[in-house]
Protein chains: 2
Amino acid sequence: MATLGDIGVAAAFNLLSAFVFFIAFAVLRLQPFNDRVYFPKWYLKGLRTSPASSGAFVRKFVNLDFRSYLKFLNWMPEALKMPELELVDHAGLDSAVYLRIYLIGLKIFVPITIVAWAVLVPVNYTNKTLELQLKNVTSSNIDKLSISNIPLESDRFWTHIVMAYAFTFWTCFVLLKEYETVASMRLHFLASEKRRPDQFTVLVRNVPPDPDESVSETVEHFFLVNHPDTYLTNQVVCNANKLAKLVKQRKKKQNWLDYYQLKYSRNNAQRPIMKTGFLGLCGQKVDAIEHHEAEIKKLSKEIAEERERVKKDPKAIMPAAFVSFKSRWGAAVCAQTQQSRDPTSWLTEWAPEPCDVYWPNLPIPYVSLAIRRLIMAVAFFFLTFFFIIPIASVQALASIEGLEKVAPFLKPIIDMKFIKSVIQGILPGLALKLFLIFLPTILMIMAKFEGFTSKSSLERRAATRYYLFNLVNVFLGSIVAGSALEQLNAFIKQSANEIPRTIGVAVPLRATFFITYIMVDGWAGIAGEILMLKPLIIYHLKNFFLVKTEKDREEAMDPGSLGFNTGEPQIQLYFLLGLVYAAVTPALLPFIVIFFGLAYVVFRHQIINVYNQEYESAAAFWPDVHGRIIIALLISQVALIGLLTSKKAAQSTPFLIALVVLTIWFYTLCKARYEPAFVRYPLQEAMMKDTLERAREPNLNLKPYLQNAYIHPVFKEEDEEDEFDFKSENESVLVPTKRQSRRSTPAPSRISGASSPSLPPEVVPEHPERAS
Amino acid sequence: MATLGDIGVAAAFNLLSAFVFFIAFAVLRLQPFNDRVYFPKWYLKGLRTSPASSGAFVRKFVNLDFRSYLKFLNWMPEALKMPELELVDHAGLDSAVYLRIYLIGLKIFVPITIVAWAVLVPVNYTNKTLELQLKNVTSSNIDKLSISNIPLESDRFWTHIVMAYAFTFWTCFVLLKEYETVASMRLHFLASEKRRPDQFTVLVRNVPPDPDESVSETVEHFFLVNHPDTYLTNQVVCNANKLAKLVKQRKKKQNWLDYYQLKYSRNNAQRPIMKTGFLGLCGQKVDAIEHHEAEIKKLSKEIAEERERVKKDPKAIMPAAFVSFKSRWGAAVCAQTQQSRDPTSWLTEWAPEPCDVYWPNLPIPYVSLAIRRLIMAVAFFFLTFFFIIPIASVQALASIEGLEKVAPFLKPIIDMKFIKSVIQGILPGLALKLFLIFLPTILMIMAKFEGFTSKSSLERRAATRYYLFNLVNVFLGSIVAGSALEQLNAFIKQSANEIPRTIGVAVPLRATFFITYIMVDGWAGIAGEILMLKPLIIYHLKNFFLVKTEKDREEAMDPGSLGFNTGEPQIQLYFLLGLVYAAVTPALLPFIVIFFGLAYVVFRHQIINVYNQEYESAAAFWPDVHGRIIIALLISQVALIGLLTSKKAAQSTPFLIALVVLTIWFYTLCKARYEPAFVRYPLQEAMMKDTLERAREPNLNLKPYLQNAYIHPVFKEEDEEDEFDFKSENESVLVPTKRQSRRSTPAPSRISGASSPSLPPEVVPEHPERAS
């Protein structure tokens, strides 16, 4: 086991390499030709133009001002300078709150580190247990600082219990304050925001089929009857998945055509040639430009046909609609209430922001959703616990013998010494590495299959699963040492009071491993994040080969986004490690603090200068973040119970069990207190905004504003001028019913069918807006 | 272990004793002087008058018509004759749906019994495993019919797995259908009901304090702003708990006074004398009538003072109010939405029916609710697992030696042989028995402490706890044989895959015990229920000693009510036994079927003729019933997994785990599909009823109807004429604000304070009703 000196050397080395990364970053970002890689957000906002447009030729590419290199770390204070309110304005609430996760890490762990070093380290260090044991086997300086150094049945364990209470209360206090702040930030953000279509709109799913009326008419009638004072308009959802696919194909072909045309324009002597078969490797040789032109023409025709079909065919109209209301109050009421007797029809929920809508999932019917969730739950269980099986078989196949067996003709090549060593060295690890790289994508596909309707909820679900996977395979996998499958087997065979002990005993032993993990994965990962090597290379490649116009250059930028589904679960791992080791091995805490500090600065810089968030969910992810930190707390408490039991300080267990109960109670308390702010929209707020808006703009006509807010992007981007309006025929106020039979839904149809005038004035008041 | 013959004899004996009970019941119920004991519901409904009022003297008391005795079982078909719709009308939906629990038992178990006997019994019986073992130790005829008779690793276990699937699917199918029926019955009931105040009313709790306004004004302003179109009126809740206590005391004294006056009127020679001390056992001797008259006078004065105080003192007004709306739609919207930014203030929920309100809990503030729930959760845990400790110590105390030690002066009495044997025979068991008798009361007190606001929710919570207690202490306690504490210890020390095995192995061994349990507790209990011995005796005692007028006689009737909190958990035990033993020991099933059949008839009779339900919750308990049957299914599956593992049919485990997953999935499906019908009130329904009502009664003025619907019963019963109206000063439409400072809640106060006219017409439309 590593001594304190070893760890110190490793830490110095890792800090140094992070420093090198920062210097490389500082040099690269000052070069004007990298400007679009390191400051894309400002370009996208239109606040920065290419530095290449003015100055001497060399200066266009290389920064020759040597003074700027001297201040190579000044991006750090710059990143910290922007106040939070401006940050919300600049990058959105999601990003600003995401940064608070790192900040919360600092808030929790800085005081804990100080207290732990002031109290626990002396208490642990002034024992001689480990010195009495064989020196060269288990003892190290790190262990001397840890709980391992305290003899069995010592009264000193009370210090650890008191500290566990103190750490839990401090963490809960920080979490409570933070939840309160984020909730009020969210409400403030929603309240102070300018008018947005999603404030007025509700997504209605599972509209029951009606033989006599179209979906749009059914929706209109239903809401005119049940929300007579507030209903404004609706936009039905159509299944344009095929159309979107065709449009995507055409874009791809267009891209190739551009490429070939560029090639031809550079070398006029030779028309570019391509093969039509698989990946351009086989098949007939044709003129590439002509071929693509023909393909595009064909696709355009297909697209036109498909568009007509989507517009006309009632089967393409899905039983879902975006229903807009005259006021935020009306939308808030509709989103929070149950509409119909049958709780699986007329399902209403807040409409996601238009850019947050995940269109391909809107047409999924409710019935299949339940089945999809079951399938994915089972699939995720197998993914977590059995993923090692296919990988092991791939590894077996990828070994020398496996390859020789499957493809004997490769034998002469494989037997070459260099190739052999490459295969032996890389291939087995490669399968696992590839799997881990693709895991977030797999989880994202699973979330999509489950049918969530907004990108933000997709990312949240994928993040939850990634967190669970990490918890089982990284944390428990490292502690219990073995694949998840072996663990599962071990845990099933152990009794309920042995499991905490197994974990608790292993925790202090794995401290040095996790310290190294934090340095290699955490520190280096963050330093790598700021360099943005991949976007840098891709941008320059694209810039060199493809870019012709300024617009092309803009498209070559790849700012990326926060990636909540991968980033947040990784941070949670550090919370878990910090809390678990706080009372056990305080020596680990400074590494955690450095991680959170570095990460905060780096991500603040990235958010200000680089990332371009696709959507805005107004920090809807916070309850997840909060819940996972509580889970980390609970795990740390259970591990401490196990550890102390094994140290024969068993009379302390009831105190720690009380702590577990209190922590769970704290969670339920916070859930009741703050979670509604992330799920519902209080009527008081809605009413206030409505009233203010009406007072300011008494003659506002919302209908044109909301009419086409939720149109499938394929129609929007395809041709803005030829606007795709389903709703034109519904312009008139009174929608005549086409219903012929009344057998299926007698009562509501009677009300809607009889039309308003026969009812007393309260039921259907005048709608001044609708008349306009 | 009992043979089939033994069981048969026991069954015959128990059936016979049930039969004797029925005969006794048939004889007793035909006697006119018992009429009020066996048909109180009809008296309460005013549909039956005392048979004593006409006819010959003897006939008043004894039925001499011998023909009627011949048809002594004809109450059974009579009980079954009333159609369900009439039953709903006669006894309420709660009672009608409660009966469906027994019916569901028949629906599930009759087909299962037939299939189990047709398939499983032959499969089990045609083995010789038990014959090969020592005959006199474990084998019995019952066991020959059970799964114990199948050899290890036999392929015949596949039959049991297939049957487990069949039983699960059948149970789920019945549950699904039943959930659907009950949900639609509930919605139909709510829809077809005549106008009730709770349809228009919402209970608002945690009204935030306002230094400048009274609670009533704050509520009025808030709802006029946030529900301008629908708000009608409000009634604040006042803390009349002390007043109610005083009134109760006075009533009690009055009762004693009546008693003494009656005594005096019968024996004019002697003024009744009583002692003022503890329980009338010690203290000064006084004239009883004079003493009570003085006491009542004193109390009356106190009551008058307290009433004044409650009316005047702002501290007696709680931050809670019943808010009524102009339409059901408005109430439905308000009950389902979040009102304010702070999710712990302005909490809205459906108001319970006026008779369902549990008044003493309304004043509890929200903050203390969370703490109360935590305390009760911990208390219930200890009650379930550690209740045996105080009882054991009481038992130790109640033993001969214990008594002699505590009270040596009793030694001569205790040493008497008769007393000694009584103490030894009865006292130890008495402590446990007394605890079990008082358990439902204890659980009810716990539920009250938790702060539920309606009687129905109190009963539901107490039922859940009683169910858990039964599950742990009766079912698991009988299976694992040992106190709950020992079990807890055993289960904690066992591994996750040993626990099902422990249960599974014990299940077939305990079959005969549970058969006896079903006969003694189930059959005899139900037969005893119909005799109503306790009410019978008490009624006749009261009738003899106290009754002077017809009104007294009415008060002497004690029809009781269904007692959901004790009845339902007991039925659930039979569901659990039936499902657990269905695939293991089918011989137990006929006993379950007989139980459900008998219970159905008896309870139908009781509901029609006896019970008088205090409140109507419109079958709000059904989700609990459904959930517990699913839990029983899951337990049966886990037990089967354990049993088959111990039978070394381990390759079958994955199939049964799949069944467990499917069952859990079915539960979530049902929850999403049907539970909303029991929690929320669909807007469509509300709108339909509103529209119909307005069309029928266009000039209806709801305000007087709702004005005093939710007044504390103490004010209502005390003096109806002197009506307690807080609201008189709020009659005017425009409530002038008394607010002086605007620092605390600037925005809403600005809107409400500025009053309507300055706002555009959409914000505050005219309120035609309010003007009236």
Side-chain angles (χ1 to χ4, degrees), chain A residues 184 187 222 225-227 229 326-327 329 332-334 336-341 343-344 346 370 373-374 377-378 491-498 661-662 665 668-669 672-677 680-685 687-688 690-691 694-695 698 747-748 751 758-763 765 768, chain B residues 184 187 222 225-227 229 326-327 329 332-334 336-341 343-344 346 370 374 377-378 491-498 661-662 665 668-669 672-677 680-685 687-688 690-691 694-695 698 747-748 751 758-763 765 768-769:
Chain A
S184 87
L187 287 176
F222 184 85
V225 169
N226 292 304
H227 296 269
D229 297 332
K326 280 181 210 156
S327 61
W329 189 90
V333 162
C334 182
Q336 292 177 50
T337 49
Q338 188 184 346
Q339 307 305 315
S340 120
R341 265 194 127 150
T344 58
W346 296 108
R373 293 220 170 132
L374 172 70
V378 173
F491 283 135
I492 281 180
K493 288 200 175 134
Q494 276 178 337
S495 71
N497 61 356
E498 263 175 62
V661 172
L662 282 176
W665 179 68
T668 61
L669 202 72
R673 179 77 181 74
Y674 297 113
E675 208 178 276
R680 306 170 118 195
Y681 189 42
L683 293 187
Q684 193 183 17
E685 296 274 317
M687 191 50 112
M688 263 166 64
D690 285 340
T691 315
R694 274 179 198 148
I751 294 162
S758 68
L759 296 170
E762 298 98 322
V763 184
Chain B
S184 87
L187 286 176
F222 184 85
V225 169
N226 293 304
H227 295 270
D229 297 332
K326 280 179 211 158
S327 61
W329 189 90
V333 162
C334 182
Q336 292 177 48
T337 49
Q338 188 184 345
Q339 306 306 314
S340 121
R341 264 194 128 150
T344 57
W346 296 108
L374 172 69
V378 173
F491 282 136
I492 280 181
K493 287 201 177 134
Q494 275 178 340
S495 70
N497 61 356
E498 262 175 63
V661 172
L662 282 176
W665 180 68
T668 61
L669 202 72
R673 178 78 181 74
Y674 297 112
E675 206 178 277
R680 305 169 120 195
Y681 188 41
L683 293 187
Q684 194 182 18
E685 296 274 317
M687 191 50 111
M688 264 166 64
D690 285 341
T691 315
R694 273 179 199 148
I751 294 163
S758 70
L759 296 172
E762 299 98 322
V763 183
E769 285 98 329

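Being a predicted model, the structure only gives us computed values, none of them experimental. To find a chain, count down the sequence lines: A is the first, B the second, and so on, and within it residues start at 1.
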Quick one: closest heavy-atom pair of A/Thr337 and B/Val333, and the distance? CG2-CA, 4.1 Å

Are any side-chain N or O atoms of B/Trp329 and backbone N or O atoms of A/His227, one a donor and one an acceptor, separated by less than 3.5 Å? no

Determine the minimum heavy-atom distance between A/Gln336 and B/Gln338, stating which atoms define it. OE1-N, 2.8 Å

Of the backbone (N, CA, C, O) and the side chain (C-beta and beyond), which part of B/Leu669 lies under 4.5 Å from a heavy atom of chain A, both, or neither? side chain

Flag the pair B/Val661 / A/Leu374 as yes when at least one side-chain heavy-atom distance between them is below 4.5 Å, and no otherwise. yes

Contacting region of A/Ala377 [heavy-atom separation from chain B under 4.5 Å]: neither

Only pairs of heavy atoms separated by less than 4.5 Å count here; which of A/Ser340, A/Ser184, A/Cys334, A/Ser327 has the most with chain B? A/Ser340

